[in-house]
Structures are given as C-alpha cells and as structure tokens.
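Please read the structure below before turning to the comments.
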Amino acid sequence: MALDRETGDDTERPGVWGEYRRRRTLAWALPLALIVVAFALGITGDYNGPWLFVASPISLGVLQLWFQHWPCPRCGKPFTEPKRDLTYSEQCRRCGLGLWKDAGNVDAYREKQRRGEAILAAYGAEVRRGKRYPSWREFFRPRRR
C-alpha cells in the first residue's frame, strides 16, 4: 500500500478494491473477447451461426449487473449508480467514499448508519400511529378557530 505524500491518501488498495477492479475488467473483457472470437472464427470459415454474437450482449448485461452490485467497503450498499451503468462512479452515492480511497473505521460508520436508520424507523412508527404529524403536514393541517 503506497501513501501519497502530498494528499495523504492511499493510492493503492489491493485488498479492498481488488474485487472491484476484477468485476470492472471482467464486465468489459468477456463480451469483447466473445466478439473477437466470433470474428476470428468467421474469417477462418469454421463458424456456422450467430451464437457468440448473441452471447456477447447477454454476457454484457449480466456482468454489468454483477459489477453494479459490488458493495461499498464503507457502507455495504451498492457502490455504482444504476443510472450510470456504462460509466464508473467516482464515489459512493450513499456515503461519499471516493474511488480507490481508504474506507476508514468501517464499524464506527456502520454503527452511526444503524442508529440513524433506527431514529428514522421510530419517527415513521410515530407518524403511522398518529402520535406525530410529518413536518410537511404542519402547513396543511386545519387550524382551529
């Protein structure tokens, strides 16, 4: 692991980011390899049928979905945005962890995340039971005269 002296960031994270790099590479390399093999077999005349050309877009779709569901090292939720499936995200859309950066203290972050989710769940339960109005309803609640 190399440390960048100017910014203090880790420039290589082989243990944490190795799976991300493997998934990203495989998501593009396998479909391209299938197309190259199909063209090579077509040129030599040993290939009768479109099966490799059909398998290429199918494998591209399956491998892109597999790549998109790679969990963020910090928050554990999918790192890549589904709307930007053909490009690579520079940071996690949920926790803001930058690409190739150190995740820091993961246990402390996930505990903070769990507490926040518990507070939101308790608030939602109070709203559903009628003990509390949602904040936006304060403006629309009928006023007593």
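Numbering of residues begins at 1 and proceeds along the displayed sequence. Quick caveat, the model's predicted, so the values are computed rather than measured.
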Donor-acceptor check, side chain of Trp17 to backbone of Lys101, threshold 3.5 angstrom: yes or no?
yes
Following the transitive rule for hydrophobic clusters with a side-chain heavy-atom cut-off under 4.5 Å over Ile, Leu, Val, Met, Phe, Trp and Tyr, establish whether Val36 and Leu34 coincide in one cluster.
no
Any heavy-atom pair between the side chains of Cys75 and Gln113 that's under 4.5 Å?
yes
Check: Arg74 side chain, Tyr109 main-chain N or O, donor-acceptor pair, under 3.5 Å:
no
Of all heavy-atom pairs linking Val106 and Ala103, the shortest is CG2-CB, 3.8 Å
Minimum heavy-atom separation for Leu97 to Phe79, with atom names?
O-CE1, 3.6 Å
I need the minimum non-hydrogen distance between Leu60 and Ala27, along with the two atoms involved.
CD1-O, 3.6 Å
Pi-cation contact, Trp70 with Arg22 (under 6.0 Å, within 45°)
no
Taking the side chain as C-beta and beyond, is there a heavy-atom pair between Trp28 and Gln64 under 4.5 Å?
yes
Report yes or no: is the cationic atom of Arg24 (NZ for Lys, CZ for Arg) under 6.0 Å from the centre of the six-membered ring of Phe67, at an angle within 45° of the ring normal?
no
CG/Leu99 to OG1/Thr80 distance, rounded to the nearest 0.5 angstrom?
8.5 Å
Path from Trp51 to Leu41 over hydrophobic side-chain contacts below 4.5 Å:
yes
Electrostatic pair Glu117-Lys77, nearest N-O below 4.0 angstrom
yes
Flag side-chain contact, heavy atom, 4.5 Å: Cys95 against Cys72
yes
Determine whether a donor-acceptor pair (N or O, by modelled atom type, separation under 3.5 Å) exists between the side chain of Arg129 and the backbone of Ala125.
yes
Least distance between heavy atoms, Pro78 atom then Gln68 atom:
CB-O, 3.6 Å
Test of understanding: clusters of I, L, V, M, F, W, Y form through side-chain heavy atoms closer than 4.5 Å, transitively. Do Leu32 and Leu30 belong to the same one?
no
For Phe39, look at atom CZ and say whether over 12 heavy atoms of other residues, nucleotides or ligands are found less than 6.0 Å away.
no
Using a 3.5 Å distance criterion without hydrogens, assess whether the side chain of Ser56 forms a donor-acceptor pair with backbone atoms of Ile35.
no
Distance from Asn105 atom CG to Arg110 atom CZ, nearest 0.5 Å?
11.0 Å
Trp66 atom CH2: more than 12 heavy-atom contacts under 6.0 Å
yes
Heavy-atom distance under 4.5 Å between the side chains of Pro31 and Leu63, does that happen here?
yes
